[in-house]
Amino acid sequence: MRLFLKILLAGLVTLTACTGSKLTTSPIEIDGMNNSVLVGDHLIGGQPSVEALSYLADEGYEVVLSTRAETELSWDERAVVESLGMRFVNIPIPNPVTGITDEQVDLFDEFMKGDHGRAVLHCGSGNRMSGLWAVWLVEREGLSPEEALDLAEQTGMKGIRPFVERRLGIEPEE
């Protein structure tokens, strides 16, 4: 089945960071990848299938960053990604989540500030990836916690939210 990419304009949101740069999120549909949201040149979402990875490589994505442990899959994502000519980066966040570490944020910061082209950022559902992204947005990019949490929810943050709030010094919502 041919994969397709469809931008859903109803979900378009634009926020302006303290730095003056605009962050725009736009939900999209990609066969074989749930909870997909475009953020600039990056695609944040759930685990892409082998077919979705092939499609994304054809669409010009150059790197895949996963927050899943490599043992979470029954197939070798790194080998598939590399066979498609893309680079694979792994910053594992355990599932179930116990928090987000300084080391994970440092590695994500190094990645985000590197020259890597269009990137697919994912975990199993988008939850862990979005949580890590929210922490990075606040701690490294200067967004307010409220803005970062709102953006992260749009990109799939759910269960990790209490850990993100705790790290950012916010009382978790009941």
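Small disclaimer: the values here were computed from a predicted structure and weren't measured.
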**OP:** Give the intermediate values and the outcome of side chain to side chain contact (heavy atoms under 4.5 Å, CB included) for residues Leu43 and His122.
**Re:** CA-CA 8 Å; Leu43 177 64; His122 80 84; over 6 Å; no
Original post:
Among His42, Met33, Glu59, which one satisfies side-chain contact (heavy atoms from CB on, under 4.5 Å) with Val120?
Top reply: Met33
**OP:** Determine yes or no for a side-chain-to-main-chain donor-acceptor pair under 3.5 angstrom, with Glu141 supplying the side chain and Val138 the backbone.
**Re:** no
Original post:
Do Ile28 and Val37 have side-chain heavy atoms sitting under 4.5 Å apart?
Top reply: no
Original post:
Do Thr155 side-chain atoms and Ile44 backbone N/O form a donor-acceptor pair below 3.5 Å?
Top reply: no
**OP:** Please examine the side chains of Leu121 and Phe111, heavy atoms only from C-beta on, and report whether any two atoms are closer than 4.5 Å.
**Re:** yes
Original post:
So, does His116 use its side chain to make a donor-acceptor pair with the main chain of Glu62 at under 3.5 Å?
Top reply: no
Subject >> Any Glu72 side-chain heavy atom under 4.5 Å of Asn95 side chain >> reply: yes
Original post:
Quick one: CE on Met112 to CG on Asp109, what's the gap to the nearest 0.5 Å?
Top reply: 9.0 Å
Original post:
How many angstroms lie between CD1 in Ile93 and OG in Ser66, if you round to the nearest 0.5 Å?
Top reply: 9.5 Å
Original post:
Under 4.5 Å between any side-chain heavy atoms of Val80 and Trp75, yes or no?
Top reply: yes
Original post:
Would a 4.5 Å heavy-atom cut-off, applied to side chains only, mark Thr25 and Leu38 as touching?
Top reply: no
**OP:** Mind running side chain to side chain contact (heavy atoms under 4.5 Å, CB included) on Val164 and Met157 for me, showing each step along the way?
**Re:** CA-CA 10 Å; Val164 172; Met157 182 180 69; 4.1 Å; yes
Subject >> Residues Arg167 and Glu139 bridged, charged N to O under 4.0 Å >> reply: yes
**OP:** For residues Thr67 and Phe108, determine if any side-chain heavy atom of one lies less than 4.5 Å from a side-chain heavy atom of the other.
**Re:** no
Original post:
Does Glu110 CD have over 12 foreign heavy atoms under 6.0 Å away?
Top reply: no
Subject >> Glu153 (side chain) donor-acceptor with Asp150 (main chain) under 3.5 angstrom >> reply: no
Original post:
At their closest point, which heavy atom of Pro92 faces which heavy atom of Gln104, and how far apart are they?
Top reply: O-NE2, 2.8 Å
**OP:** Could you grab the distance from atom CG of Leu143 to atom CG of Leu137, nearest 0.5 Å is fine?
**Re:** 5.5 Å
Original post:
Looking only at atom types and distance, does a side-chain atom of Arg128 sit under 3.5 Å from a main-chain N or O of Cys123, one as donor and one as acceptor?
Top reply: no
Subject >> Any donor-acceptor pair under 3.5 Å from Asn127 side chain to Lys158 backbone >> reply: yes
**OP:** Output the distance between atom CG (Asp102) and atom CG (Leu107), rounded to the nearest 0.5 Å.
**Re:** 11.0 Å
Subject >> Contact summary for Ala148 and Ala134, nearest pair of heavy atoms >> reply: CB-O, 3.6 Å
Original post:
Taking side chain as C-beta onward, heavy atoms only, is Leu149 less than 4.5 Å from Ile170?
Top reply: yes
Original post:
Where is the tightest heavy-atom contact between Ile30 and Ala52, given as atom of each residue plus distance?
Top reply: CG2-CB, 4.3 Å
Subject >> Shortest non-hydrogen separation from Leu65 to Ile91 and the atoms involved >> reply: CD1-CD1, 3.8 Å
Original post:
Is a side-chain donor or acceptor of Asn35 paired with a backbone partner of Gly46 at a separation under 3.5 angstrom?
Top reply: no
**OP:** Go through the steps to decide whether Val105 and Arg140 satisfy the test side chain to side chain contact (heavy atoms under 4.5 Å, CB included), and finish with yes or no.
**Re:** CA-CA 9 Å; Val105 176; Arg140 304 300 171 89; 3.9 Å; yes
Original post:
Donor-acceptor pair, Asn90 side chain versus Arg68 backbone, under 3.5 Å?
Top reply: yes
Original post:
Under a 4.5 Å cut-off applied to non-hydrogen side-chain atoms, are Arg118 and Asp41 in contact?
Top reply: yes
**OP:** Quick one: pull up OG in Ser54 and CE in Met86 and give me the separation to the nearest 0.5 Å.
**Re:** 8.0 Å
Original post:
Any cation-pi pair here, Arg78 with Phe88, using under 6.0 Å and within 45°?
Top reply: no
Original post:
Which atom names give the shortest non-hydrogen contact between Ile160 and Gly131, and what distance separates them?
Top reply: CG2-CA, 3.8 Å
**OP:** Just do the side chain to side chain contact (heavy atoms under 4.5 Å, CB included) check on Glu51 and Asp31 with the steps written out, would you?
**Re:** CA-CA 8 Å; Glu51 295 80 13; Asp31 286 345; over 6 Å; no
Original post:
For the residue pair Gln47 and Asn34, what are the closest heavy atoms and their distance?
Top reply: N-OD1, 4.0 Å
